[in-house]
Amino acid sequence: MVNYILVLLAVGCFTAQFAITKLYGRAVKQTIGTTLVMLVVTGTIGFALYCIINGFSVQVSQISLFWAVALALLMIPHYTIGIKVLSLGSLAIYSMFMMLGGMLVPFFYGILFLNETLSIGKILGSVLLTVCIILQAILQKPSAEADEKSPSRQKGKFLFLCMAAFFINGFTGVIAKAHGISEGAVDAISFIVIYCGIMAIFSFVLLLLFLLKDGRTKWEESKKTLKRKPFFLMVALGVVAYTGNFLHLKAAVNVPASVQFPLVSGGVIVLSSVIAALAFKERISAKEWISLAGACVATALFAF
């Protein structure tokens with residue numbers, strides 16, 4: 001029972017991560033600088049949090065360093081896309097694309113390259129998820145925050161960025177799997193510590209390079225992130241994101257993966273939709289609710 005409570009708490013943290021990212025995008029004008037500042041802060045928080053959790057005992061290996069660098073290079077554009085896409089469209093739809101990408105891409109990687117078993121449930125789940133994504137692409141409308149002069153362009157940009165997030169989030173799962181099966185890889189918590197440290201360092205170096213060119217103007221833009229509200233949101237984002245990861249890892253020890261991952265994916269899709277409708281006043285049509293429900297059913301099919 002305790003382990004399933006951990007899974008539900010992880011769902012809450014991951015949903016809060018999407019919501020806080022949207023709030024951060026509203027609090028500051030998105031630029032490369034404001035995104036990099038956010039990554040420095042969240043990476044530092046993740047590094048400190050997991051160092052404390054692991055009793056300041058961190059293992060390091062060459063193969064883990066390689067995969068941590070690969071993951072950091074993937075996550076920098078991932079967060080940039082996340083802030084931008086949430087200014088163009090629905091939190092509910094974005095979270096759906098993210099979670100489904102996190103399931104489908106590693107799933108096909110396992111089938112094609114790791115000779116993992118393919119079941120009827122997984123086939124049906126994949127087909128239903130694909131149908132849901134196509135349906136959302138057809139139904140999606142630009143948000144109220146989008147440019148009213150070119151709604152079709154905003155819709156296309158939103159869907160393009162959602163698909164980019166779908167694949168990027170999926171490949172983070174591929175990297176996690178590849179690291180886990182690599183000879184000489186460190187434990188999961190040590191890997192996250194390494195990744196967070198590299199993320200913070202890379203983001204800080206890129207931020208300095210960004211500020212070197214016309215630094216005064218860009219510094220004024222980036223400095224806005226240090227005001228009370230944006231800074232609080234960055235800290236909150238780091239805490240909920242990495243707390244969610246820890247709870248997810250903790251539950252994974254005793255909860256079967258075939259149960260845990262559908263629960264997390266389906267739970268985040270549903271809870272994000274509720275938060276989008278209640279907190280952000282996003283209009284979700286009956287057809288979109290049906291599509292979201294279909295996505296939840298599809299994630300459950302992966303357990304069979």
Side-chain angles (χ1 to χ4, degrees), residues 3-4 6-7 9-11 13-14 17 42-43 46-47 49-79 98-119 121-122 125-126 129 165-200 202 241-268 299 302-303:
N3 292 296
Y4 286 95
L6 293 179
V7 171
L9 290 173
V11 168
C13 287
F14 293 143
Q17 180 182 349
T42 55
F47 179 82
L49 182 63
Y50 276 91
C51 276
I52 293 169
I53 289 170
N54 222 30
F56 296 94
S57 173
V58 180
Q59 299 175 351
V60 181
S61 70
Q62 288 185 343
I63 190 65
S64 293
L65 279 172
F66 170 80
W67 286 119
V69 168
L71 185 58
L73 292 175
L74 195 63
M75 291 304 289
I76 290 173
H78 168 74
Y79 279 105
M98 283 276 292
M99 299 310 296
L100 299 188
M103 287 188 66
L104 279 179
V105 176
F107 165 69
F108 282 110
Y109 167 73
I111 297 297
L112 295 174
F113 299 101
L114 302 178
N115 298 316
E116 293 182 356
T117 16
L118 186 62
S119 65
K122 290 175 181 177
S126 300
L129 287 179
F166 174 93
F167 284 106
I168 290 175
N169 196 45
F171 279 112
T172 62
V174 171
I175 289 175
K177 179 68 175 178
H179 171 262
I181 62 175
S182 296
E183 187 177 348
V186 300
D187 63 274
I189 292 182
S190 291
F191 179 68
I192 295 176
V193 172
I194 297 168
Y195 154 71
C196 288
I198 290 173
M199 168 72 89
F202 278 11
Y242 291 109
T243 300
N245 284 333
F246 172 71
L247 294 170
H248 197 40
L249 288 170
K250 192 76 173 172
V253 176
N254 296 306
V255 179
S258 59
V259 175
Q260 182 175 351
F261 284 90
L263 274 178
V264 170
S265 299
V268 171
T299 59
F302 275 77

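Source: prediction; values computed, not measured.
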Over 60° means perpendicular and under 30° means parallel, so tell me whether F14 and H248 are parallel, tilted or perpendicular.
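F14 vs H248 ring planes: perpendicular.
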
With side-chain contact (heavy atoms from CB on, under 4.5 Å) as the criterion, how do L65 and I198 come out once you've worked through the C-alpha distance, each side chain's angles and the decisive distance to 0.1 Å?
CA-CA 9 Å; L65 279 172; I198 290 173; 4.1 Å; yes

Could you pull out all donor-acceptor pairs under 3.5 Å where a side-chain atom in residues 101-113 meets a protein atom, sequence neighbours excluded?
none

Rounded to the nearest 0.5 Å, what separates atom [atom1] in [X] from atom [atom2] in [Y]?
X	Y	atom1	atom2	result
L74	F167	CG	CZ	13.0 Å
I192	F47	CD1	CZ	13.0 Å
W67	S61	CH2	OG	12.0 Å

For [X] and [Y], work out which heavy atoms get closest and say how close.
X	Y	answer
H179	A185	O-CB, 3.1 Å
K250	L6	CG-CD1, 3.8 Å
Y242	Y50	O-OH, 2.7 Å
S64	G184	OG-O, 4.4 Å
Q59	S190	N-OG, 3.1 Å

Taking the side chain as every heavy atom from C-beta outward, state whether [X] and [Y] have any atom pair closer than 4.5 Å.
X	Y	result
I168	M98	no
V69	F202	yes
H78	N169	yes
T243	F246	no

Show your reasoning for whether side-chain contact (heavy atoms from CB on, under 4.5 Å) applies to M199 and L71.
CA-CA 9 Å; M199 168 72 89; L71 185 58; over 6 Å; no

side-chain contact (heavy atoms from CB on, under 4.5 Å) between N54 and D187: does it pass, once the steps are laid out?
CA-CA 10 Å; N54 222 30; D187 63 274; 4.2 Å; yes

Distance-only, no hydrogens or angles: does the S182 side chain make a donor-acceptor pair with backbone N or O of A178 under 3.5 Å?
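Yes: the side chain of S182 pairs with the backbone of A178.
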
